[in-house]
**Student:** 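Have a look at this one before I ask anything.
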Amino acid sequence: DMDFTAGKNAYVIEKLSDYSYKIQKSEIIASMLAKGGKLMYPIGNPLFTDEFKLAFETAYNNNENFFEFNNESYLIVADRIEVSIGKSKDYALMSKYIYNAYTEDLQSFVDSYGFRNNVENAAANNVRAFSYENKKYSIERDEDDIISVYDVTDNEKKPISTISDVIITPTNKREFLSIDFVNAVKHNIADNNNRFIFSSIDNDGNNIETEYKISLSNAIYTITSVQPRLLQNIYGPPSEENILGTDEKGMDMFTRLMYGGRISLMVGFVVVFLEIIIGVIFGGISGYFGGWVDNLLMRFVDLFNSIPTWPMLIIFGSVMDTKEVDSTTRIFLLMLVLGLLGWTGIARIVRGQILSLREQDFMVATEATGLSIRKRIFRHLVPNVMPLLIVQATMSLGGIIITEATLSFLGLGVKPPIASWGSIINAANNLHVMQSCWWVWLPTGFLIVFTVLGFNFVGDGLRDAFDPKMKR
C-alpha cells in the first residue's frame, strides 16, 4: 500500500491486482497534542474510549500508520507536536480496464463506482460471480482476454458490459458505439486485421454492411469507414426528370427556383411593408405638426439617411456569420435591417404630401368637427397619400429583391439549406459552373431580371394611372 497527502486529507492506494488500484480517503476525525512523548487527548470526545485508546497507542508506539478497531480502519498522521486520527473510506478506483456498456441506457450504471468496484474485486480474486444492489452478476473471459459481465438474477444472461484494455472513442462524442461494434474492433485488432466488415440494422429493420479500415499511428488505432457514398446526378444537365438540371448537391434546380422565389418575394414584400409603416408614422406626424416637431423628426430622418447602407449590411452579414445565426433567423433579421435602413425616402414623400394637404378645406372641416389628431392624420391625410405610396412600394420591390440577391450572392444573406434566388446564383462564383453549367445560374438570373422589370412596369403603370396630369 502507498499513502500520500493532498491538502488536509490523507489518501491510501491499495493494490487490488496488476490492473487496478483502490484509493481510500482518510478524513481527520480527531487531533491531539504530543509533548515529550505524552499524548494529550481532547476532553469530551466520545471516540476515545479505553479500548480505542489502547488500539491507537499500540499502533502509535510501534510507529505504525494504520490500526484496526471494531472492523474499521484508521489512519495515524503524526508530526512533532500534533497527532491526527483519520477514518478511511473508499474514494476512487483506478483501473487499466476499459468498460463499455452494451446499451446506451446502461452507460451510467456501468460508469458507477459501485459496479466497477465489485467487478474489480471479483476479477482480482478470480471470482466469477458477485452480488450488487440485490442482483447477481457473472463474469466471463474469452480467448482475446475480453471480460464480459452478465446480469443472471433471473437465471437469464443479460449482457451488461465488456471490459478490456482497449479504448475505443467515437469522433462524435454524442454518438454511442454499440457493444457489437466495439467487440468487432477489439477482435480485429487482436487478429492484426486492417479491414473488416460490420453488419448493423437501421431504423427500418434493414441489414446494412459497412466496411471499415483500421490504421495504426503512434500507438493509436484509427477506424474509418470506407463504404462508398453515391452522390447522384451532380451538376446534371436538363433532362426529362430534371427539366432545369441539378446543382452541386444533386438537387432539382426547378424546385429550388420555386422555393427560392418564395423567399425572395417574401423578403421584398415584408421589407416594403416595414418601410411604409415606419415612413408613414414619421412622415405623417412631421408633416401635420410642422414647426419644431418637423425639424426634429427631419433631422432624425437625415441621421438615418446618412448611414452607409451597403457597409452596414456587409458588417451585419459578417456578424451573423460570426455568431453562426441559423438560416431561418437570418431571414427575419435581414428583413428587419433592410426595413430599418430604407424607410427614410417614404417618410420624406409622406411629409411633403401632408404639408400641402393639411391646408385644404376638408382638413378645416375635420378640425371643426373635433376629430382627434390621430384620426385627422391616419383617417384623412394618409389615405390621400396612399396612391403615391402604392406606386413607391411597387417600384421599391424590385430594388429590395436586387439587394437581397446581391447579399446572398456575396454569402451575407440567406444561407443554405434555405434557398433564395441570390443564394442559388451564388454558384456562379465557381468558374467551372459559370462556363459549363449554365442551368445553375442563368435561369435564376432571368427570373430576377423579369421580376424586377415586372414590378417596375407595374409601378410605372400605377404612377400613370394616379397622376392627374396624365388624364385628359
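If you're wondering where the values come from, they're calculated on a predicted model, not measured in any experiment.
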**Student:** Report yes or no: does N117 contribute a side-chain atom to a donor-acceptor pair with the main-chain N or O of Y113 at less than 3.5 Å?
**Tutor:**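 Between the backbone of Y113 and the side chain of N117 there is no qualifying donor-acceptor contact (under 3.5 Å).
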**Student:** Looking at side-chain heavy atoms only, is the closest gap between L296 and F300 below 4.5 Å?
**Tutor:**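 Result no, sub-4.5 Å side-chain heavy-atom pair not found.
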**Student:** Please verify the inter-ring angle class for Y102 with Y150; under 30° counts as parallel, over 60° as perpendicular, anything in between as tilted.
**Tutor:**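 Y102 vs Y150 ring planes: tilted.
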**Student:** Is it the case that atom CZ in F254 sees more than 12 heavy atoms from other parts of the structure closer than 6.0 Å?
**Tutor:**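 Atom CZ in F254 is not crowded, with 12 or fewer foreign heavy atoms closer than 6.0 Å.
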**Student:** Enter the distance from L274:CG to L340:CG here, rounded to the nearest 0.5 Å.
**Tutor:**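 Between atom CG of L274 and atom CG of L340 there are 7.5 Å.
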**Student:** Kindly give the heavy-atom pair with the smallest separation between I278 and G339, and that separation in Å.
**Tutor:**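 Closest pair (atom of I278, atom of G339, distance): CD1-O, 4.4 Å.
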**Student:** Can you tell me how far OG1 of T255 sits from CG of L244, rounded to the nearest 0.5 angstrom?
**Tutor:** 9.0 Å
**Student:** Could you work out, with salt bridge (charged side-chain N to carboxylate O under 4.0 Å, His left out) as the rule, every residue matching D111, not counting sequence neighbours?
**Tutor:**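 Once residues adjacent in sequence are excluded, the partners of D111 under the salt bridge (charged side-chain N to carboxylate O under 4.0 Å, His left out) criterion are R116.
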**Student:** Counting N and O atoms only, with roles assigned by atom type, does the side chain of D151 sit under 3.5 Å from a partner on the main chain of T153, one being a donor and the other an acceptor?
**Tutor:**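 It does hold such a pair.
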**Student:** side-chain contact (heavy atoms from CB on, under 4.5 Å) between F316 and L333: does it pass, once the steps are laid out?
**Tutor:** CA-CA 9 Å; F316 181 72; L333 292 177; 3.7 Å; yes
**Student:** Tell me the side chain to side chain donor-acceptor pair (under 3.5 Å) pairs involving residues 303-314, sequence neighbours left out?
**Tutor:**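 Non-adjacent pairs meeting side chain to side chain donor-acceptor pair (under 3.5 Å): N305-T344.
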**Student:** Side-chain contact, heavy-atom cut-off 4.5 Å: M32 with I85?
**Tutor:**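 In short, these two side chains touch, coming nearer than 4.5 Å.
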**Student:** More than 12 heavy atoms of other residues, nucleotides or ligands under 6.0 Å from CE of M312: is that the case?
**Tutor:**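 Check fails, neighbour count at 12 or below.
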**Student:** Give me the atom names and distance for the closest heavy-atom approach of F198 to Y212.
**Tutor:**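 Between these two residues, the closest heavy atoms are CB-CE1, 3.9 Å.
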**Student:** Decide side-chain contact (heavy atoms from CB on, under 4.5 Å) for F332 and V325; before the verdict, give the C-alpha distance in whole Å, the side-chain angles of both, and the deciding distance to 0.1 Å.
**Tutor:** CA-CA 11 Å; F332 292 103; V325 179; over 6 Å; no
**Student:** At what distance, to the nearest 0.5 angstrom, does CG of L39 lie from CD of E82?
**Tutor:**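 Reported to 0.5 Å precision, the distance equals 12.0 Å.
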**Student:** Between atom NZ of K158 and atom CG of L106, what is the distance when rounded to the nearest 0.5 Å?
**Tutor:** 6.0 Å
**Student:** Does atom CD of E241 have more than 12 heavy-atom neighbours from other groups under 6.0 Å away?
**Tutor:** no
**Student:** Tell me if the aromatic rings of F115 and F109 count as close, with their centers under 6.0 Å from one another.
**Tutor:** yes
**Student:** Please list, one pair per line, the donor and acceptor atoms closer than 3.5 Å that link side chains of residues 396-407 to other protein atoms, with sequence neighbours excluded.
**Tutor:**
| unit_1 | atom_1 | unit_2 | atom_2 | d |
| --- | --- | --- | --- | --- |
| S396 | OG | Q392 | O | 2.7 |
| T403 | OG1 | G399 | O | 2.9 |
| E404 | OE1 | S264 | OG | 3.2 |
| E404 | OE2 | S408 | OG | 2.8 |
| E404 | OE2 | S420 | OG | 2.8 |
| T406 | OG1 | I402 | O | 2.7 |

**Student:** Got a donor-acceptor contact below 3.5 angstrom from the N62 side chain to the E64 backbone?
**Tutor:**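 Flag not set: sc N62 to bb E64 has no pair under 3.5 Å.
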**Student:** Test side-chain contact (heavy atoms from CB on, under 4.5 Å) on F282 and F304 and set out the steps.
**Tutor:** CA-CA 12 Å; F282 278 86; F304 259 83; over 6 Å; no
**Student:** Where do F196 and V185 land on the side-chain contact (heavy atoms from CB on, under 4.5 Å) test, with the steps shown first?
**Tutor:** CA-CA 8 Å; F196 69 96; V185 172; 3.8 Å; yes
**Student:** Does a side-chain heavy-atom distance below 4.5 Å link I424 with M253?
**Tutor:**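 Touching, per the 4.5 Å side-chain cut-off.
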**Student:** Hey, do the aromatic rings of F269 and F273 have their centres closer than 6.0 Å?
**Tutor:**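 Centroid distance F269-F273: not below 6.0 Å, so no.
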**Student:** Taking the six-membered ring for Trp and the single ring otherwise, decide whether the centroids of F52 and F67 are under 6.0 Å apart.
**Tutor:**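 Yes: the rings meet the under 6.0 Å criterion.
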**Student:** Under the rule for side chain to side chain donor-acceptor pair (under 3.5 Å), what residues qualify as partners of T394, not counting sequence neighbours?
**Tutor:**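 With neighbours one apart ignored, the set is empty.
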**Student:** What are the two closest heavy atoms between V440 and T246, and how far apart are they?
**Tutor:** CG2-O, 3.9 Å
**Student:** Taking atom CG of L257 and atom CZ of R262, what is their separation to the nearest 0.5 Å?
**Tutor:**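 One finds 13.5 Å between CG of L257 and CZ of R262.
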**Student:** Could you check if a side-chain atom of Y137 sits within less than 4.5 angstrom of a side-chain atom of I160, using non-hydrogen atoms only?
**Tutor:**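 Y137 reaches I160 side chain to side chain.
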**Student:** How far apart are the closest heavy atoms of F69 and A55, and which atoms are they?
**Tutor:**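 Taking F69 first and A55 second, the nearest heavy atoms are CD1-CB, 4.2 Å.
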**Student:** Indicate the atoms forming the closest heavy-atom contact of W439 with G236, along with that distance.
**Tutor:** NE1-O, 3.0 Å
**Student:** Determine whether the side chains of S31 and S84 contain a donor N or O and an acceptor N or O closer than 3.5 Å.
**Tutor:**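 Checked: S31/S84 side chains pair up, N/O donor to acceptor below 3.5 Å.
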**Student:** When rounded to the nearest 0.5 angstrom, what distance separates CG in L442 from CD1 in I425?
**Tutor:**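 That separation rounds to 8.5 Å.
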**Student:** Counting C-beta onward and ignoring hydrogens, is there a side-chain heavy-atom pair between V83 and Y60 closer than 4.5 Å?
**Tutor:** yes
**Student:** With sequence neighbours excluded, tell me which residues meet side chain to side chain contact (heavy atoms under 4.5 Å, CB included) with I281.
**Tutor:** I277, I285
**Student:** Indicate the atoms forming the closest heavy-atom contact of V127 with I139, along with that distance.
**Tutor:**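 Nearest heavy atoms, V127 then I139: O-CD1, 4.0 Å.
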**Student:** May I ask you to say whether R299 pairs ionically with D302, meaning some side-chain N is under 4.0 Å from a carboxylate O?
**Tutor:** yes
**Student:** Going by the rule salt bridge (charged side-chain N to carboxylate O under 4.0 Å, His left out), which residues pair with K157 if we only count those two or more places apart in sequence or in a different chain?
**Tutor:** E140
